[in-house]
Amino acid sequence: MGRLIETAHAKINLALDVGQVRRDGYHEIHSVMQSLELGDIVILEDRPAGISLDCSLGDPVKQGVLRFEGSDVESLPPSDCHNLAWQAAEHLMDATGVRRGLHITIRKAIPVSAGLAGGSADAAAVLRGLNRLWSLGLTITELVDIGEKIGADIPFCLVEGTAEVSGIGEKVKAAEAPPPWPIILLKPPVSVSTAACYAAYDRLPQGVKVDVDYLLTALAEKDIYKVAKGLGNSLETVTLQRFPDLVRWKEIMKTAGCLGVLMSGSGPTLFGLVRDLEEGSVVFMKLIDSIKQEQQGPLPNLYFTRLWSRQVG
Ligand code: ATP
């Protein structure tokens, strides 16, 4: 009976340009996606028959986060066939004809419905992991073919690191990986439905253009100031309109010293780049102070982590 552990890294969009909506309802995108050290732990274990899944709260500080401030991940995904990790195992078995028993354990550190592709990362970890555990010999292209049928962010989550992503997410081209720059995530206490966010975007009188090529050049030059300047996300406006508190949090992150602040994916998580670990610690402390001054309502969670890629990880 084999057992294997995979890390399912969170992703952020350093740039996300949303284009036309296709007839099937999916949007064309052009994006630069980046993995983070923050990740879920996915354990795969052989079983005599059937699929079972156990999903519980992980510990961010043991899962790629240098410092965490806040309450536990507010919600957990389902521990049944609705979990994307379970669906990934089923799709893989259907595609290969291999039928084996499996138990999946997920220690969740990536906040759910946060714009950090946690579900897609778990599904990708299952595909990658089972390919190894069961010696299936599938290429990354074959895994991407299976993954794209489950979710649009899964192809990137299979490749990981830094990549230019296009189509509806299925075209993934490795890009110049930046150094492991520190980054601070602020996860406000609200969840965003990706579908609702895209629907609201379609109702805007005109789309919001983002210069993805500028960001790719900035990355190739490893120029953190240029990257900070080039951050952009077509979907940010609609989520900020829906949750005006995010506008205030963005300002607070900038004032605390983040070089550039952007919402990831459909949100609501905001990320801020910082120059180095020392400066990041100072910014992080300032943000904790700002959060503690907030009197009403649930407060955001803060994660101090770093950009991740296989080369530097
Ligand atoms: P995306 O931007 O790719 O839509 P997200 O980061 O905004 O992703 P996820 O955390 O991936 O959001 O969760 C989106 C939905 O998927 C939630 O409704 C959640 O219940 C469901 N889900 C299913 N499986 C998982 C999983 N393993 N981890 C997280 N969410 C999952």
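Ligands are counted one by one from 1 in listed order, and the atoms in each one are counted from 1 as well. These numbers come from the heavy atoms of this one structure, side chains and all, not from hydrogens, waters or symmetry mates. Just so it is clear, the structure is predicted and the values come from calculations on it, not from any experiment.
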Using a 4.5 Å cut-off on heavy atoms from C-beta on, say whether the side chain of P178 contacts that of K222.
no
Is the closest N or O pair between [X] and ligand 1 shorter than 3.5 Å?
X	result
K108	yes
V112	no
G119	yes

Any idea which of [options] brings a heavy atom closest to [atom]?
atom	options	answer
atom 25 (C) of ligand 1	C157, P77, C55, A10	P77
atom 5 (P) of ligand 1	A195, G115, S120, G169	G115
atom 17 (C) of ligand 1	A121, S266, S191, S113	S113

Right, does atom 29 (C) of ligand 1 have protein non-hydrogen atoms nearer than 4.0 Å?
yes
Do K11 and F156 meet the cation-pi criteria used here (NZ or CZ under 6.0 Å from the six-membered ring centre, within 45° of the axis)?
no
L138 backbone acceptor or donor facing E142 side chain under 3.5 Å:
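No, the answer is negative, given that no donor and acceptor are paired below the 3.5 Å cut-off.
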Would you sort out whether R100 and D46 count as a salt bridge (Lys or Arg N to Asp or Glu O under 4.0 Å), showing the intermediate values?
CA-CA 8 Å; R100 292 175 70 162; D46 279 323; 3.7 Å; yes
Using a strict 4.0 Å cut-off to heavy atoms of D153, name the atoms of ligand 1 that fall inside it.
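That gives atoms 1 (P), 2 (O), 3 (O) of ligand 1.
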May I ask you to list the atoms of ligand 1 that are less than 4.0 angstrom from any heavy atom of D122?
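Every atom of ligand 1 under 4.0 Å from some heavy atom of D122: 26 (C), 27 (N), 28 (N).
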Does a side-chain N-to-carboxylate-O contact under 4.0 Å join R99 and D94?
yes
Taking the non-hydrogen atoms of Q87, is any one of them nearer than 4.0 angstrom to ligand 1?
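Contact absent.
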Hey, is A117 one of the residues with a heavy atom under 4.0 angstrom from ligand 1?
yes
Straight-line distance of H27 NE2 to D202 CG, nearest 0.5 Å
3.5 Å
Taking atom types as modelled and ignoring hydrogens, do the side chains of H103 and S52 form a donor-acceptor contact shorter than 3.5 angstrom?
yes
Take I183 and L36 through the test side-chain contact (heavy atoms from CB on, under 4.5 Å) and record every step on the way to the result.
CA-CA 9 Å; I183 194 159; L36 302 182; 4.1 Å; yes
